[in-house]
Number of protein chains: 2
Amino acid sequence: MVNKSKRLYQELAQHLKADLTSEKLAKPGEKLPAERELSEMYSVSRTTVREALIMLELNGVVDVRKGAGIFYLDHPEKDALFHSAAIGPFELLQARQWFESSIAELAAKNISNSQLKELKDLILPGPCDDDGDRRIHFLIAEGTHNNMMIKTAYELWEARQTDMWGRMIGRVTDLDAVRQTWHEDHQHIMHALMRRDSKSARRSMWQHLENVKNVLFEASDIDDPEFDGYLFVE
Amino acid sequence: MVNKSKRLYQELAQHLKADLTSEKLAKPGEKLPAERELSEMYSVSRTTVREALIMLELNGVVDVRKGAGIFYLDHPEKDALFHSAAIGPFELLQARQWFESSIAELAAKNISNSQLKELKDLILPGPCDDDGDRRIHFLIAEGTHNNMMIKTAYELWEARQTDMWGRMIGRVTDLDAVRQTWHEDHQHIMHALMRRDSKSARRSMWQHLENVKNVLFEASDIDDPEFDGYLFVE
DNA sequence: ATACAAAAATTGGTCCAGCCAAATTCATTT
DNA sequence: AAATGAATTTGGCTGGACCAATTTTTGTAT
């Protein structure tokens with residue numbers, strides 16, 4: 001086990017995950033070596049093994065059964081969830097554009113007056129910071145009164161926390177002007193919601209995220225060595 | 001700590017979560033008692049405390065910093081994620097209807113020929129079981145070539161694993177006929193995808209989930225004591 | 001009194017050894 | 001061949017110990 005400044009159990013979980021997908025430890029459905037064996041194999045304490053297993057269990061990779069053993073679950077799609085770090089800024093924005101447009105459309109039908117007031121208080125004062133932005137999009141999602149959509153909206157926002165995003169936002173030359181544009185976008189969306197105009201709400205949200213995409217595309221640096229793979233065909 | 005047949009660290013994590021939301025342990029942004037203190041407070045070993053903290057950390061409730069302490073993060077929206085058990089069958093289907101329609105529309109534009117072939121092999125043989133159903137919807141999501149959409153599709157499916165759903169599916173009197181209907185729906189979607197007709201793909205997917213909603217609504221039992229709260233205003 | 005550096009205390013990270021309880025395996029009996 | 005029960009395997013949990021990062025306190029020089 002090589003030390004890499006992360007917590008040991010996280011590193012181990014990563015190794016275990018890799019050795020599972022390459023079927024070195026077990027084929028899907030099969031049993032893994034016992035905790036005590038894994039402990040020796042990876043030269044870490046059994047405690048660390050157990051912590052890593054909790055992580056894999058919470059991620060649905062593995063099933064740990066007392067007295068029986070550790071089983072490699074066979075749902076290959078789990079990878080998409082586990083590899084959420086592999087989601088690039090542009091595909092994320094594309095997903096947000098499609099999903100949040102639907103959210104806005106449904107929110108126009110279901111949002112309550114008190115939520116509209118909250119939204120007004122949030123938007124009217126002027127351009128907002130990143131956290132204000134988050135609250136606006138989240139409040140609109142809550143306007144759907146659909147918990148699955150609220151949850152999805154939350155995850156769409158959280159998936160954004162990647163290094164790439166930070167670097168790109170940092171490159172935006174005139175952030176104030178951008179914030180001003182986005183502020184106007186938010187106003188358009190809000191007005192559509194207040195008029196209960198679902199189609200207009202969808203269009204406004206779509207256009208807003210189109211603007212975000214454009215700003216970020218201009219700010220993106222093709223020379224960035226990690227830029228590869230973050231683009232995709234549309 | 002009362003024993004409840006679950007694993008101890010999971011139970012503890014539940015208690016900690018409760019005592020955090022009621023702000024008995026710390027206010028948002030503040031520091032929690034040290035691991036050794038928590039260990040005494042809840043009468044469990046420090047190891048168990050650490051395991052529970054891993055769970056809370058993975059859920060974004062808490063931030064653990066070596067040498068510094070454990071901090072209660074202040075993102076109230078995390079609750080929606082944590083309380084995913086509170087998502088009812090109908091709001092889930094509503095979310096699927098909106099999101100998967102978008103997924104189908106985009107998939108019609110981006111799906112590869114080999115993916116279309118896979119889809120054909122999956123659908124043509126005839127009505128499929130629950131797992132086949134999962135693979136079809138997932139394959140369409142993969143057709144978007146957008147990792148965030150794939151991830152969302154995965155979570156839309158996983159959120160379905162609730163008792164309520166099982167009971168309702170169990171009540172469907174003529175499951176074969178239902179599977180036949182869904183099979184035809186799948187064919188419509190597939191043909192739209194093969195024609196690269198994005199609007200038709202959206203419509204077909206929407207109609208498919210409309211059919212699912214109807215079947216489940218007929219199968220739902222208003223007398224079910226847990227039925228309360230699973231409906232919502234549209 | 002202030003600023004800075006060193007030392008001490010706090011706190012999470014890891015390891016180890018041991019015992020318990022659930023599940024499995026294997027030998028024995030019928 | 002089936003049923004029973006003992007032995008083994010395996011995960012669950014505990015307590016103690018030591019290390020390393022951080023924070024707090026203390027001491028010293030300015």
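The sequence lines fix the lettering, A, B, ..., with proteins before strands; numbering per chain opens at 1.
- Between His183(A) and His208(A), the ring centre distance reaches or exceeds 6.0 Å.
- One can place OH of Tyr42(A) at 19 Å from C1' of dT14(C), the figure rounded to the nearest angstrom.
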**OP:** Begin with the C-alpha distance, continue with both residues' side-chain angles, and end with the deciding distance and a verdict on salt bridge (Lys or Arg N to Asp or Glu O under 4.0 Å) for Lys27(A) and Glu23(A).
**Re:** CA-CA 5 Å; Lys27(A) 292 182 202 161; Glu23(A) 301 192 354; 5.9 Å; no
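- Which of dG12(D), dT10(D), dT14(C) sits closest to the side chain of Glu37(A) comes down to dT10(D).
- In terms of phosphate contacts, Arg65(B) brings no side-chain nitrogen or oxygen within less than 4.0 Å of OP1 or OP2 of dG12(C).
- Taking atom NZ of residue Lys66(A) and atom C1' of nucleotide dT24(C), one finds them 14 Å apart after rounding to whole Å.
- Closest to the Arg46(B) side chain, of the nucleotides dT14(C), dG11(D), dT11(C), is dT14(C).
- Between Thr48(A) and dG13(C), a side-chain N or O to OP1/OP2 separation shorter than 4.0 Å is absent.
- Closest to the Glu51(A) side chain, of the nucleotides dT14(C), dC15(C), dA20(D), is dT14(C).
- Each of Val64(B) and Ser45(A) was matched to the nucleotide of DNA chain C holding its nearest heavy atom; the match closer to the 5' end belongs to Val64(B).
- Contact check, Arg50(B) against dG12(C): no side-chain N or O comes under 4.0 Å of OP1 or OP2.
- No side-chain N or O of Thr152(B) forms a donor-acceptor pair with one of Glu155(B) less than 3.5 Å apart.
- Comparing dC15(C), dA21(D), dT14(C) against the side chain of Thr47(A) picks out dC15(C) as the nearest.
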Original post:
Yes or no on salt bridge (Lys or Arg N to Asp or Glu O under 4.0 Å) for Arg7(B) and Glu57(A), after CA distance, side-chain angles and deciding distance?
Top reply: CA-CA 12 Å; Arg7(B) 265 157 73 181; Glu57(A) 195 176 24; 3.1 Å; yes
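- For the pair Leu8(B) CG and dG15(D) P, the interatomic distance rounds to 11 Å; values are reported in whole Å.
- The separation between Glu11(B) atom CD and dC13(D) atom P is 9 Å, rounded to whole Å.
- Looking at the side chain of Glu35(B), the nearest of the listed nucleotides dG13(C), dT14(C), dG12(D) is dG13(C).
- Across dT11(C), dT10(D), dC16(C), the shortest atom-to-atom separation from the side chain of Arg36(A) is found for dT10(D).
- Rounded to whole Å, the distance from CG on Asp63(A) to P on dA22(C) is 17 Å.
- Proximity of a side-chain donor or acceptor of Thr21(A) to a complementary backbone N or O of Lys17(A) within less than 3.5 Å is detected.
- Closest to the side chain of Ile70(B), out of dG12(C), dG12(D), dC15(C), is dG12(C).
- Counting to the nearest Å, the C1' atom of dC13(D) and the CG atom of Leu12(B) are 12 Å from each other.
- Between Ser39(B) and Lys31(B), the one whose closest nucleotide on DNA chain D sits nearer the 5' end is Ser39(B).
- Atom CG of Leu38(B) is separated from atom P of dG15(D) by 15 Å (rounded to the nearest Å).
- When the C1' atom of dA21(D) is taken as reference, atom CZ of Phe71(B) falls 13 Å away, rounded to whole Å.
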